[in-house]
Structures are given as C-alpha cells and as structure tokens.
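A short write-up of the structure that comes next.
By convention here, the first residue in the shown sequence is residue 1. Just so it is clear, the structure is predicted and the values come from calculations on it, not from any experiment.
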Amino acid sequence: QVQLVDSGGGLVQAGGSLRLSCAASGSTANIFTIGWYRQVPGKERELVAGININGRTNYDDSVKGRFTISRDNAKNTVYLQMNSLKPEDTAVYYCNALIVGRGTLNTYWGQGTQVTVSS
C-alpha cells in the first residue's frame, strides 16, 4: 500500500511560480510512474507531467517549457516546479502513483492541492 501526500499549492499572480511536492510512503519499491494531474470543474482530470523509475519525463503541451517534474529519491518525493504560471493553470493538482505488482497495476492518489493563478 502506498500513501501520497501532495502539497505546495496556493494563490499566485500570473507569471509567478509554485513548487508542488508529492511525498510517497509505504510500499514505494514498486512505484513505476508518478504523475501530476489537474482538474477543474466540469472537466476530466488530465495528466500534466509524469516521471518514471528511469527518470524519463513527459509533459502536456500546455506546460512544456514552464513546468518541470523531478524526483528526490532519497526523500521519495516528486516535485513539480511551475514557472510562468497562467490563469488557465488554475486547478486542483493531484499526485498519482502507478504501482506494479504481481501481474497487477494499481494507482494511488494524493488528496489534491489547490493552485489558483490570478490575472
């Protein structure tokens, strides 16, 4: 079982920066991928950025060049550095872990952290 705690959201002006953190605990050895998702009312949750066990990253086109996902293996924590924030980045951001088991795949979610970007 894996527990995820995401944090770091807040209110910032357009052009500002925030860094989100996702701290994983529990059976973290089998984590294959950690991703950051975001969701706004009336829309489906969408993948913003992901990083796998090899350090390979991917980003949604809307955040490329502005957001950076990274991992501190010693702390078992994944970060999402968000720069040049835009009002359209406003959403609840969720950390997700993909767990590989014995022929099984399971996902775990953080509780979400609110990011609000004002113009």
Side-chain angles (χ1 to χ4, degrees):
Q1 191 175 24
V2 172
Q3 296 81 44
L4 302 176
V5 178
D6 40 22
S7 61
L11 174 63
V12 298
Q13 289 187 328
S17 298
L18 286 172
R19 188 176 73 163
L20 306 183
S21 298
C22 175
S25 61
S27 301
T28 60
N30 294 323
I31 294 179
F32 185 77
T33 303
I34 290 183
W36 283 100
Y37 292 72
R38 65 187 179 189
Q39 188 170 27
V40 299
K43 294 188 64 177
E44 294 185 351
R45 193 171 298 181
E46 64 178 12
L47 178 65
V48 177
I51 186 168
N52 68 11
I53 58 175
N54 300 125
R56 186 177 183 89
T57 60
N58 68 291
Y59 300 90
D60 184 81
D61 286 341
S62 66
V63 305
K64 285 183 178 178
R66 300 188 298 119
F67 291 10
T68 302
I69 189 169
S70 62
R71 182 170 186 172
D72 185 334
N73 291 325
K75 295 183 177 181
N76 222 359
T77 300
V78 171
Y79 303 95
L80 184 66
Q81 179 66 47
M82 305 185 295
N83 299 324
S84 301
L85 283 162
K86 304 175 181 180
E88 50 263 44
D89 295 319
T90 296
V92 178
Y93 285 71
Y94 298 89
C95 178
N96 171 267
L98 176 64
I99 309 299
V100 178
R102 295 170 297 171
T104 62
L105 296 175
N106 295 292
T107 61
Y108 296 86
W109 293 93
Q111 79 284 357
T113 183
Q114 176 71 48
V115 172
T116 302
V117 184
S118 64
S119 62

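- Atom CD in Gln111 sits 7.5 Å away from atom OG in Ser7 (nearest 0.5 Å).
- The shortest side-chain heavy-atom distance between Gln81 and Ser70 does not fall under the 4.5 Å cut-off.
- Judged purely by atom type and a 3.5 angstrom limit, Asn76 has no side-chain atom pairing as donor or acceptor with the backbone of Asn73.
- Using a 4.0 Å cut-off between a side-chain N of Lys or Arg and a carboxylate O of Asp or Glu, Asp61 and Lys64 qualify as a salt bridge.
- Listed here is the closest heavy atom pair of Asn83 and Ser17: OD1-OG, 2.8 Å.
- The two residues Cys22 and Leu4 make their nearest non-hydrogen contact at SG-CD2, 4.1 Å.
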| request: Determine, step by step, whether Ile69 and Tyr79 satisfy the side chain to side chain contact (heavy atoms under 4.5 Å, CB included) criterion, reporting the C-alpha distance in whole Å, the side-chain angles of both residues, the deciding distance to 0.1 Å, and the verdict. | output: CA-CA 6 Å; Ile69 189 169; Tyr79 303 95; over 6 Å; no

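- Shown here for Ile34 and Cys95, the closest heavy-atom pair between the two residues is CG2-SG, 3.8 Å.
- Side-chain contact check for Asn58 versus Leu47: some heavy-atom pair is nearer than 4.5 Å.
- In the hydrophobic clustering of this structure, Val48 does not group with Tyr94; members are Ile, Leu, Val, Met, Phe, Trp, Tyr whose side-chain heavy atoms approach within less than 4.5 Å, directly or through other members.
- When every heavy atom of Tyr108 is checked against every heavy atom of Gln1, the shortest pair comes out as OH-CA, 3.8 Å.
- Taking OG from Ser119 and CG from Leu85, the interatomic distance works out to 13.0 Å, rounded to the nearest 0.5 Å.
- Side chains of Asp6 and Thr113: no donor on one and acceptor on the other come within 3.5 Å.
- Under 3.5 Å, the side chains of Gln114 and Thr116 contain a donor-acceptor pair of N or O atoms.
- Looking at every heavy atom in both residues, Val78 comes nearest to Arg71 through CG2-CG, 3.9 Å.
- Note: the hydrophobic cluster containing Val63 also contains Leu18 (ILVMFWY, side chain heavy atoms under 4.5 Å, direct or indirect links).
- At least one donor-acceptor pair closer than 3.5 Å links the side chain of Thr90 to the backbone N or O of Pro87.
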| field | Evaluation steps, side chain to side chain contact (heavy atoms under 4.5 Å, CB included), between Val100 and Leu105 | value | CA-CA 5 Å; Val100 178; Leu105 296 175; 3.8 Å; yes

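- For the residue pair Ser62/Arg38, the side-chain donor-acceptor check at 3.5 Å is satisfied.
- In this structure the side chain of Asp60 never reaches within 4.5 angstrom of the side chain of Phe67, judged on heavy atoms.
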| task | Given side chain to side chain contact (heavy atoms under 4.5 Å, CB included), test Leu20 with Met82 step by step and report yes or no. | result | CA-CA 8 Å; Leu20 306 183; Met82 305 185 295; 3.7 Å; yes

| query | Do Ile99 and Val2 pass the side chain to side chain contact (heavy atoms under 4.5 Å, CB included) test, and can you show the C-alpha distance, the side-chain angles, and the key distance before you say yes or no? | reply | CA-CA 8 Å; Ile99 309 299; Val2 172; 3.6 Å; yes

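- Under the 3.5 Å distance criterion, the side-chain polar atoms of Asn52 are matched with a main-chain donor or acceptor of Asn54.
- Tyr59 approaches Ala49 most closely through the heavy-atom pair CD2-CB, 3.6 Å.
- With hydrogens and angles ignored, the 3.5 Å screen pairs no side-chain donor or acceptor of Tyr93 with any backbone N or O of Gly8.
- Here OG of Ser27 is found 11.0 Å from CG of Asn106. Values are rounded to the nearest 0.5 Å.
- Tyr37 pairs by the ring-ring contact (aromatic ring centres under 6.0 Å, His included) definition with Trp109, not counting sequence neighbours.
- Checked by atom type, the side-chain pair Arg45/Asn96 shows no donor-acceptor distance below 3.5 Å.
- Atom CZ of Arg66 is separated from atom OG of Ser84 by 7.0 Å, given to the nearest 0.5 angstrom.
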